[in-house]
Trainee: 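Quick one: the structure is below, and I'll ask about it shortly.
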2 protein chains.
Amino acid sequence: MTPHHPDRDQIKLENVLNALGNPMRLAVVRVLAGGGEHACGTVLSKEISKSTLTHHWRVLRDNGVIWQRPSGRENLLSLRREDLDARFPGLLDAVLNGVDSAPETIDQFTAHI
Amino acid sequence: MTPHHPDRDQIKLENVLNALGNPMRLAVVRVLAGGGEHACGTVLSKEISKSTLTHHWRVLRDNGVIWQRPSGRENLLSLRREDLDARFPGLLDAVLNGVDSAPETIDQFTAHI
DNA sequence: ACTATTGTACGAAAACTTTCGTACAGTGAG
DNA sequence: CTCACTGTACGAAAGTTTTCGTACAATAGT
């Protein structure tokens with residue numbers, strides 16, 4: 001099935017907040033914020049079932065937070081930073097700056113689960 | 001029962017995003033962002049059952065987004081702006097600035113439900 | 001062609017959310 | 001004191017989320 005990405009102007013604040021309001025997806029976004037594309041299997045390096053990950057990719061994708069594109073046998077993920085910044089200026093920066101004060105960094109999160 | 005408010009440093013980004021990732025609660029926060037205190041019954045002026053409202057006050061309160069204090073027979077709500085700004089600088093501003101581009105303003109929201 | 005890798009699809013279970021109605025507690029006004 | 005008002009508590013129903021296992025599709029390498 002072709003992955004469904006909303007257009008920039010169809011991205012809704014409420015949906016983005018909702019997508020980010022989950023520790024696992026927040027962790028993913030922090031990794032992707034580092035830049036570039038990551039294969040699905042290389043973002044979170046812990047024992048999380050593939051179908052669970054697929055579910056979260058869908059939430060992030062359908063709500064306009066990430067791009068997902070096939071490449072060979074991998075599926076590459078990247079943050080829709082430009083679209084999010086254009087649509088909700090400052091939001092992503094604020095969320096990413098909230099890292100230090102957040103209870104879970106990526107490592108703490110993955111160590112926790 | 002005494003309402004439970006988390007301390008400033010116990011407010012979690014993920015929880016705040018989650019609390020705000022709901023159209024009704026987002027609408028409430030926009031009203032409270034206008035400043036001051038509002039009685040529970042005066043924030044959203046539409047046919048939403050009191051118990052549903054109570055549920056949303058709890059979510060917003062427990063996740064550190066609002067203060068709630070009894071006053072006479074009313075229960076006054078206000079935004080925890082200082083705490084949120086201190087904890088996640090720029091987040092609330094970004095969320096509130098996302099209003100114009102959001103699909104529902106308060107009125108559109110209440111007209112919609 | 002066969003096999004291993006990478007991820008999606010589907011179905012299911014458990015947990016959580018959202019909403020409501022009804023019942024109740026506390027306050028203020030008459 | 002009694003009554004209306006404001007909101008909470010509780011229980012329930014419907015819907016959504018989160019997680020998993022198993023099965024499958026597509027690609028890349030041998």
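In this text the structure is predicted, and so the values were computed from the model without any measurement.
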Trainee: Closer than 4.0 angstrom, basic N to acidic O: yes or no for Arg87(A) and Asp7(A)?
Mentor: no
Trainee: Measure from the side chain of Thr54(A), starting at C-beta and using heavy atoms only, and say which of dG7(C), dT6(D), dT8(D) lies closest.
Mentor: dG7(C)
Trainee: Can you name the nearest heavy-atom pair linking Ala94(A) to Pro89(B), along with the distance?
Mentor: CB-O, 3.6 Å
Trainee: Has Thr52(A) got a side-chain N or O lying under 4.0 Å from the OP1 or OP2 atom of dT19(D)?
Mentor: no
Trainee: Do Ser51(B) and dG21(C) share a donor-acceptor pair, side chain to base, under 3.5 Å?
Mentor: yes
Trainee: Atom NE2 of His56(A) to atom P of dT8(C): distance rounded to whole Å?
Mentor: 13 Å
Trainee: Once you round it to whole Å, what is the distance between C1' of dT8(C) and NE2 of His4(A)?
Mentor: 17 Å
Trainee: For each nucleotide in nucleotides 23-30 of chain C, reading 5' to 3', give B when a protein heavy atom comes within less than 4.0 Å of its base, S when such contact involves only the sugar-phosphate, and - otherwise.
Mentor: ---BBSS-
Trainee: Using atom CD1 of Ile66(A) as one end and atom C1' of dG7(C) as the other, report the distance to the nearest whole Å.
Mentor: 13 Å
Trainee: Between the protein and nucleotides 1-3 of chain D, which nitrogen or oxygen pairs come in under 3.5 angstrom?
Mentor:
none

Trainee: Return the value, rounded to whole Å, for the distance between atom CD of Glu14(B) and atom P of dC16(C).
Mentor: 13 Å
Trainee: Measure from the side-chain heavy atoms of Cys40(A) and tell me the nearest of dG7(C), dC20(D), dG21(C).
Mentor: dG7(C)
Trainee: Mind checking what makes side chain to side chain donor-acceptor pair (under 3.5 Å) contact with Arg69(B), not counting sequence neighbours?
Mentor: Glu37(B)
Trainee: Can you tell me if Thr52(B) and Ser49(B) form a side-chain donor-acceptor pair at under 3.5 Å?
Mentor: yes
Trainee: Could you tell me which residues satisfy salt bridge (Lys or Arg N to Asp or Glu O under 4.0 Å) with Asp83(A), sequence neighbours excluded, listed by chain and number?
Mentor: Arg8(A), Arg80(A)
Trainee: What pairs meet the side chain to side chain donor-acceptor pair (under 3.5 Å) rule with one or both residues in residues 70-79 of chain B, with sequence neighbours excluded?
Mentor: none
Trainee: Quick one: which of dT19(C), dG7(C), dT18(C) gets closest to the side chain of Asn22(B)?
Mentor: dT18(C)
Trainee: For Ile48(B) and dG21(C), what is the distance between atoms CD1 and P respectively, to the nearest whole Å?
Mentor: 12 Å
Trainee: Find the distance Glu74(A):CD to dA25(D):C1' and express it as a whole number of Å.
Mentor: 16 Å
Trainee: Check whether any side-chain heavy atom of Leu20(A) lies under 4.5 Å from a side-chain heavy atom of Val65(A), and answer yes or no.
Mentor: yes
Trainee: Starting at the 5' end of DNA chain C, which residue's closest nucleotide do you reach first, Asn18(B) or Leu77(A)?
Mentor: Leu77(A)
Trainee: In whole angstroms, how far is the P atom of dT18(D) from the CG atom of Leu53(A)?
Mentor: 13 Å
Trainee: Using side chain to side chain donor-acceptor pair (under 3.5 Å) as the criterion, list what pairs up with His56(A), not counting sequence neighbours.
Mentor: Arg25(A)
Trainee: Between atom CG in Asn63(A) and atom C1' in dT18(D), what is the gap in whole Å?
Mentor: 15 Å
Trainee: Side-chain contact, heavy-atom cut-off 4.5 Å: Leu84(B) with Leu91(B)?
Mentor: no
Trainee: From the set dC20(D), dG7(C), dT8(D), return the single nucleotide nearest to any side-chain atom of Trp57(B).
Mentor: dT8(D)
Trainee: More 5' along DNA chain D: His55(A) or Gly41(B), using each one's nearest nucleotide?
Mentor: Gly41(B)
Trainee: Would you indicate whether the side-chain heavy atoms of Leu77(B) and Cys40(B) approach each other to under 4.5 Å?
Mentor: yes
Trainee: Which nucleotide wins on minimum distance to the side chain of Gln68(A), given the candidates dC20(D), dT8(D), dG7(C)?
Mentor: dG7(C)
